[in-house]
Protein chains: 2
Amino acid sequence: MGDLQRAEQQDEHPDDPTAGLPPTAWAVLGLLSFPGERTGYELKKWADSSLRFFYWSPAISQIYSELRRLEARGYATSRRSGPDEPRTKRAYTITAEGRAALDHWAGPGHDPGAPVLKHPLLLRVWLGHLSEPERLRTLVHEHIARTRAELTEVREALARAEGVEAWGHPQIALRWSERRLVGEVEQAEAMLGDLAGLGEAAGREEL
Amino acid sequence: MGDLQRAEQQDEHPDDPTAGLPPTAWAVLGLLSFPGERTGYELKKWADSSLRFFYWSPAISQIYSELRRLEARGYATSRRSGPDEPRTKRAYTITAEGRAALDHWAGPGHDPGAPVLKHPLLLRVWLGHLSEPERLRTLVHEHIARTRAELTEVREALARAEGVEAWGHPQIALRWSERRLVGEVEQAEAMLGDLAGLGEAAGREEL
DNA sequence: CAGCGCATGTAATCTGTTACATGATTAG
DNA sequence: CTAATCATGTAACAGATTACATGCGCTG
């Protein structure tokens with residue numbers, strides 16, 4: 001919106017410890033805030049199986065670099081796998097400073113910001129005058145199929161989360177995602193109706 | 001998903017004229033595909049008032065650079081305002097090549113790609129163990145208010161589009177956005193219920 | 001004439017992806 | 001033994017934003 005002239009300064013006080021980290025860093029640190037230590041690779045899988053439903057999944061290389069950055073800031077520490085474990089891997093743990101920073105980030109006086117949606121299908125529909133009506137309908141059907149597939153993935157994730165102690169909030173996020181995807185299918189179906197309506201109107205004119 | 005190892009090659013044939021342009025460029029070119037010429041500034045306002053509801057609004061400086069790129073490719077031409085008009089402005093028009101490229105982009109054999117959602121509120125809910133329950137509920141309420149405000153904006157845009165000839169597809173996209181925002185409010189309200197459920201469970205344990 | 005909105009653009013920077021390199025372990 | 005998967009990283013690049021600079025025209 002209003003960035004025609006000015007950036008709308010998310011007024012960060014100069015000593016705001018929340019400043020200077022992109023949302024991805026907070027997401028990664030958030031992943032670490034659950035009990036236990038984990039490697040970049042594990043984090044990526046976690047992100048793929050839950051974060052991505054409401055907040056996209058960063059590339060693995062980015063996760064590695066965010067982890068290094070968090071460690072540089074003292075928000076996390078890492079440990080190479082000992083000789084007991086077979087593999088050369090590096091596991092990260094959140095530090096007390098990291099927790100404090102996260103708490104501050106989650107605290108009041110800090111607006112989460114508006115959601116961003118990039119929906120390529122809708123871009124295509126919006127420019128629908130460029131496509132064959134048939135083509136457009138196919139795209140919408142494919143989208144419905146893709147969304148249904150995602151829905152079963154969410155439900156699987158939900159089943160896995162069911163009953164795990166202290167996972168209340170992640171579960172709520174997954175339930176939200178489930179409802180959202182159900183809505184997405186309904187909205188796509190409604191749009192199919194609208195598209196048919198357009199076709200009819202055009203058809204009538206041709207008579 | 002699958003980008004742990006490999007990029008999932010959107011197999012672009014080497015001579016695909018669709019290749020080499022980011023989605024934003026197509027969105028801008030799409031904006032130009034509607035009759036008439038327009039300036040970067042106008043494009044930005046257009047994007048803010050409709051594109052952004054389903055496909056985010058690029059920064060004004062990016063619009064300017066995309067326009068220059070499109071012109072360099074021969075997909076658009078520009079014209080400085082004549083002495084008749086008061087202001088020094090540059091208006092862009094799509095060329096025949098631009099239309100051809102857009103048609104190809106919109107054509108078959110070219111997957112629009114999956115929608116991307118970045119929902120900071122859900123990131124916060126997901127990490128809800130870091131916040132006071134009260135704080136979380138406030139955030140959700142603020143989000144509902146913001147969404148309702150957006151909803152009236154969509155409806156205004158829809159009212160403006162109503163009746164304009166040949167705006168059928170943009171209208172459909174706006175109607176989709178309207179339904180989506182209605183869903184967003186419902187889902188946020190449902191989540192409020194889930195959050196209350198968590199609180200109750202915790203409350204019971206404390207008895 | 002001061003200030004705001006219109007209008008265009010450049011430079012620096014940051015975020016994030018893709019491609020590539022490397023090696024170890026495990027399943028068939 | 002070989003292929004797949006695990007695991008970590010680097011380098012180059014692309015996409016996008018922010019900050020900054022500039023100037024005109026209109027309104028009060």
Side-chain angles (χ1 to χ4, degrees), chain A residues 1-12 19-28 37-48 51-52 55-71 78-81 83-92 113 116 118, chain B residues 1-12 19-28 37-48 52 55-71 78-81 83-92 113-114 116 118:
Chain A
M1 301 198 83
D3 64 341
L4 269 170
Q5 296 303 322
R6 94 203 55 263
E8 40 214 65
Q9 298 270 48
Q10 161 107 289
D11 85 303
E12 286 172 350
L21 282 184
T24 307
W26 297 111
V28 170
E37 55 172 18
R38 32 189 80 63
T39 67
Y41 200 85
E42 288 167 339
L43 251 24
K44 171 62 175 162
K45 285 191 299 181
W46 238 88
D48 279 345
L51 233 209
R52 78 161 222 274
Y55 201 84
W56 119 108
S57 194
I60 179 73
S61 65
Q62 201 192 348
I63 290 183
Y64 284 122
S65 49
E66 292 297 354
L67 284 171
R68 283 191 290 270
R69 164 155 53 179
L70 291 173
E71 189 167 31
S78 71
R79 174 182 84 77
R80 293 209 73 101
S81 57
D84 50 318
E85 273 163 294
R87 225 173 260 286
T88 65
K89 60 172 89 171
R90 183 175 290 274
Y92 289 82
V116 175
K118 265 195 190 188
Chain B
M1 312 189 80
D3 65 340
L4 269 172
Q5 295 304 323
R6 94 205 55 266
E8 41 215 70
Q9 297 269 49
Q10 161 106 287
D11 87 304
E12 285 171 348
L21 281 183
T24 308
W26 297 111
V28 169
E37 55 172 20
R38 35 190 76 65
T39 67
Y41 200 86
E42 287 166 340
L43 251 24
K44 171 63 176 161
K45 285 191 296 182
W46 239 85
D48 279 345
R52 79 161 222 274
Y55 203 86
W56 119 106
S57 193
I60 178 73
S61 64
Q62 200 192 348
I63 290 183
Y64 284 123
S65 47
E66 292 296 355
L67 285 171
R68 282 191 292 270
R69 162 155 54 178
L70 291 172
E71 190 167 29
S78 73
R79 173 182 84 77
R80 293 209 73 100
S81 57
D84 49 319
E85 273 162 294
R87 223 171 261 283
T88 65
K89 61 173 87 169
R90 184 175 290 274
Y92 288 82
V116 175
K118 264 195 191 190

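Residue numbering restarts at 1 for every chain, and letters A, B, ... go by the order of the sequence lines. In what follows, every heavy atom counts, from backbone to side chain, and hydrogens, waters and symmetry copies are set aside.
Protein atom CD of A:E71 is 14 Å distant from nucleotide atom C1' of D:dG9, rounded to whole Å. Atom CD1 in B:I63 sits about 13 Å away from atom P in C:dA7, given to the nearest Å. The interatomic distance linking A:R80 (CZ) with D:dG9 (P) rounds to 6 Å, in whole Å. Atom CD of B:E42 and atom P of C:dT8 are 8 Å apart (whole Å). Atom pair B:L67:CG and C:dT10:C1' shows a separation of 16 Å (rounding to whole Å applied). Rounding to whole angstrom units, CZ of residue A:R90 and P of D:dT10 are separated by 11 Å. If you take CG of A:L43 and C1' of D:dA7, they are 13 Å apart, rounded to a whole angstrom. For the pair B:L21 CG and D:dA14 P, the computed distance is 12 Å after rounding to whole Å.
In the set D:dT17, D:dA16, C:dT15, the nucleotide with an atom closest to the side chain of B:P22 is D:dA16. Taking the side chain of B:T39 as heavy atoms from C-beta on, and the options C:dT8, C:dG16, D:dT10, the nearest nucleotide is C:dT8. The B:Y64 side chain lies nearest to C:dA7 when the options are C:dG16, C:dA7, D:dA16. When distances are taken from the side chain of A:A59 to each of D:dA7, D:dG9, C:dT18, the shortest belongs to C:dT18. Among C:dA19, C:dT15, D:dA16, the nucleotide with an atom closest to any side-chain atom of A:S61 is C:dA19. The side chain of A:Y41 has D:dC6 as its nearest neighbour among C:dT15, D:dC6, C:dG16. Nearest nucleotide to the A:K89 side chain, out of D:dA7, D:dA16, C:dT17: D:dA7.
Taking five base pairs at each end of the helix from C:dC1-D:dG28 to C:dG28-D:dC1 and finding the rotation axis that steps the C1' atoms of four pairs onto the next four gives two axes whose angle is 30°, to the nearest 10°.
Remark: B:K118 is not in phosphate contact with C:dT15, judged by side-chain N or O atoms under 4.0 Å from OP1 or OP2. OP1 or OP2 of D:dA16 has at least one side-chain nitrogen or oxygen of B:T24 nearer than 4.0 Å. OP1 or OP2 of C:dT17 has at least one side-chain nitrogen or oxygen of A:W56 nearer than 4.0 Å. For B:R38 and C:dA7, the shortest distance from a side-chain N or O to OP1 or OP2 is not below 4.0 Å.
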- Show the numbers, then the answer: is there a salt bridge (charged side-chain N to carboxylate O under 4.0 Å, His left out) between B:R69 and B:E66? CA-CA 5 Å; B:R69 162 155 54 178; B:E66 292 296 355; 3.0 Å; yes

